[in-house]
Amino acid sequence: MKEYLNSNNKVAYLGPEGTFSHEVALMLLNGTMTPVKGINDIVKGVYNGQFNYGIVPFENNLAGIVGDTIEALIKWDVGVKASVEYKVSLCLVVNSDVDSLSEIKEIYSHPHAIEESKEFLSRLNVSIRQTSSTAEALNMVIGHRDRAAVASRLGARLRGLKTITCGIEDKPNFTKFLILQRNVGNLGDRSLIIFSVPNKPGSLYSALQPFAEAGLNLTMIYSRPNKMGPWEYDFILEVECSLSEAKCIEAINRLRERAAYVKVLGSYSYLTLQGYGEV
């Protein structure tokens, strides 16, 4: 899969090093890779040409949609190159000289990782601390025998830390990542659309009706409050069709006639990956 993109590309991922976004980048992409602290800065960097591609988390099957990604996609005009379904394996990571869980008093991680391993963490008599990323959590652990992080194998290896146990997620844990590019493409397995509808009875039904009548499967739909007014919402829609297909184009055109706002982020490939270091 490393041939998916060429080696001359500038790639931004949600950093620092060792995040799951970094794992996806290493498994799929070639090029100069830059860790970026904020999702908005990644999307903005793709928009203004600073990066050829950006990798951002989009949705988790346990914790749901990533709000910062949706907000950035609404704000900046970019396209989706690929959607990557990634099987995440969460690990409890400690310093190399820690021998037992009984030494751990504090656990650090991103809120999503904490939520995804809630049952495991509830069995430990420790304080839980939230961080901006799993990689930041790992940095908080270095040099502290009484701290642990919920993070990845890769992140642990990069920092000389060790994993006490892996697979601590409560249920099978999948995260979708988006590979973003500047242009909106028209080829692929699926298409992503953001839209809003008038606040009146039947407006959402009317907006979705063209896709049903065209026999197009909706693989995801979320609602999210927007800033246009109280109780106004954006809807994020993923549909199994390509913008190269007439029925897909027709359904979107009919949506435009019924919606207050429509933004098409293009068609893209849908990929699946196993976690870094997994068999």
Side-chain angles (χ1 to χ4, degrees), residues 1 3-14 21 24-25 27-34 36 38-59 65-86 175-196 207 210-211 216-222 224 226 234-256 259 261-273:
M1 296 300 293
E3 291 76 22
Y4 184 62
L5 299 174
N6 69 58
S7 59
N8 296 321
N9 289 308
K10 296 178 180 179
V11 179
Y13 64 86
L14 184 60
S21 296
V24 172
M27 296 175 75
L28 280 181
L29 311 180
N30 284 316
T32 301
M33 297 189 186
T34 302
V36 177
I39 289 174
N40 182 73
D41 290 336
I42 294 174
V43 183
K44 179 181 178 181
V46 173
Y47 168 78
N48 64 27
Q50 180 182 0
F51 305 109
N52 299 103
Y53 298 96
I55 300 177
V56 294
F58 183 52
E59 182 188 18
I65 201 78
V66 180
D68 288 349
T69 296
I70 298 302
E71 291 179 6
L73 292 177
I74 292 171
K75 183 176 182 180
W76 304 104
D77 292 333
V78 297
V80 179
K81 175 70 174 178
S83 175
V84 183
E85 181 183 295
Y86 186 57
T175 295
K176 290 180 184 177
F177 293 86
L178 298 181
I179 300 178
L180 303 176
Q181 61 183 7
R182 179 64 182 87
N183 299 320
V184 173
N186 66 350
L187 298 176
D189 311 306
R190 304 184 183 189
S191 297
L192 191 66
I193 305 162
I194 300 174
F195 68 95
S196 62
F211 298 96
L216 298 174
N217 185 41
L218 306 182
T219 52
M220 184 194 74
I221 182 166
Y222 272 96
R224 183 168 178 80
N226 64 30
D234 289 315
F235 294 90
I236 301 92
L237 177 70
E238 185 184 66
V239 55
E240 283 186 332
C241 74
S242 169
L243 292 173
S244 62
E245 302 175 67
K247 64 180 180 179
C248 188
I249 296 172
E250 181 182 356
I252 293 173
N253 286 338
R254 291 176 65 190
L255 169 65
R256 292 186 190 278
Y261 158 84
V262 176
K263 184 173 187 177
V264 179
L265 287 91
S267 301
Y268 46 87
S269 302
Y270 189 84
L271 310 174
T272 57
L273 290 177

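Computed from heavy atoms alone, side chains included, the values below leave out hydrogens, waters and symmetry copies. Just so you know, these numbers come straight off a predicted model, no measurement behind them.
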Could you check whether any side-chain heavy atom of [X] comes within less than 4.5 Å of a side-chain heavy atom of [Y], counting everything from C-beta outward?
X: Met220; Y: Ile65; answer: yes
X: Asn40; Y: Lys75; answer: yes
X: Asn9; Y: Thr32; answer: no
X: Asn186; Y: Glu245; answer: no
X: Pro57; Y: Leu14; answer: yes
X: Val56; Y: Val66; answer: no
X: Val262; Y: Ile194; answer: no
X: Leu192; Y: Val264; answer: no

Straight-line distance of [X] [atom1] to [Y] [atom2], nearest 0.5 Å:
X: Tyr86; Y: Ser21; atom1: OH; atom2: OG; answer: 10.0 Å
X: Asn30; Y: Tyr53; atom1: CG; atom2: OH; answer: 11.5 Å
X: Lys247; Y: Ile252; atom1: NZ; atom2: CD1; answer: 12.5 Å
X: Glu250; Y: Leu216; atom1: CD; atom2: CG; answer: 9.5 Å
X: Leu237; Y: Leu265; atom1: CG; atom2: CG; answer: 11.5 Å
X: Leu178; Y: Ile42; atom1: CG; atom2: CD1; answer: 11.0 Å

Looking at Arg190 and Val239, would you say the former's side chain and the latter's main chain have a donor-acceptor pair under 3.5 Å?
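Looks like no, no N/O pair under 3.5 Å.
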Take Ile39 and Phe58, measure what side-chain contact (heavy atoms from CB on, under 4.5 Å) needs, and give me the verdict at the end.
CA-CA 10 Å; Ile39 289 174; Phe58 183 52; over 6 Å; no
Testing the basics here: between [X] and [Y], what is the closest heavy-atom pair and its distance to 0.1 Å?
X: Ser196; Y: Asn226; answer: CB-ND2, 4.2 Å
X: Gln181; Y: Val80; answer: NE2-O, 4.2 Å
X: Val78; Y: Val184; answer: O-CG2, 4.1 Å
X: Ser244; Y: Ser242; answer: OG-OG, 2.8 Å
X: Ser83; Y: Tyr268; answer: CB-CE1, 3.5 Å
X: Ser267; Y: Gly188; answer: CB-N, 4.1 Å

I would like to know whether Ile236 and Arg224 meet side-chain contact (heavy atoms from CB on, under 4.5 Å); could you show each step before the answer?
CA-CA 8 Å; Ile236 301 92; Arg224 183 168 178 80; 4.2 Å; yes
Where do Asn217 and Phe211 land on the side-chain contact (heavy atoms from CB on, under 4.5 Å) test, with the steps shown first?
CA-CA 7 Å; Asn217 185 41; Phe211 298 96; over 6 Å; no
Once side chain to side chain donor-acceptor pair (under 3.5 Å) is applied, do any residues pair with Glu85, and if so which ones, sequence neighbours excluded?
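With neighbours one apart ignored, the set is Tyr270.
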Non-neighbouring partners of Tyr13 that pass ring-ring contact (aromatic ring centres under 6.0 Å, His included), sequence neighbours left out
His22
Around atom NZ of Lys176, are there more than 12 heavy atoms of other residues, nucleotides or ligands at under 6.0 Å?
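Buried by this count: over 12 neighbours within 6.0 Å.
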Counting only heavy atoms not in Tyr222, do more than 12 sit closer than 6.0 Å to its OH atom?
yes
Apply salt bridge (Lys or Arg N to Asp or Glu O under 4.0 Å) to the pair Lys263 and Asp234, showing each step before the final yes or no.
CA-CA 10 Å; Lys263 184 173 187 177; Asp234 289 315; over 6 Å; no
Walk me through it: do Cys248 and Ser191 pass the test side-chain contact (heavy atoms from CB on, under 4.5 Å)?
CA-CA 9 Å; Cys248 188; Ser191 297; 4.2 Å; yes
Which residue is it: Thr34, Asn52, Val46? I am looking for the one with a side-chain contact (heavy atoms from CB on, under 4.5 Å) to Lys10.
Asn52
Please determine whether side-chain hydrogen bond (donor to acceptor under 3.5 Å, both in side chains) holds for the pair Trp76 and Asn48, giving the CA-CA distance in whole Å, both sets of side-chain angles, and the decisive distance to 0.1 Å.
CA-CA 9 Å; Trp76 304 104; Asn48 64 27; over 6 Å; no
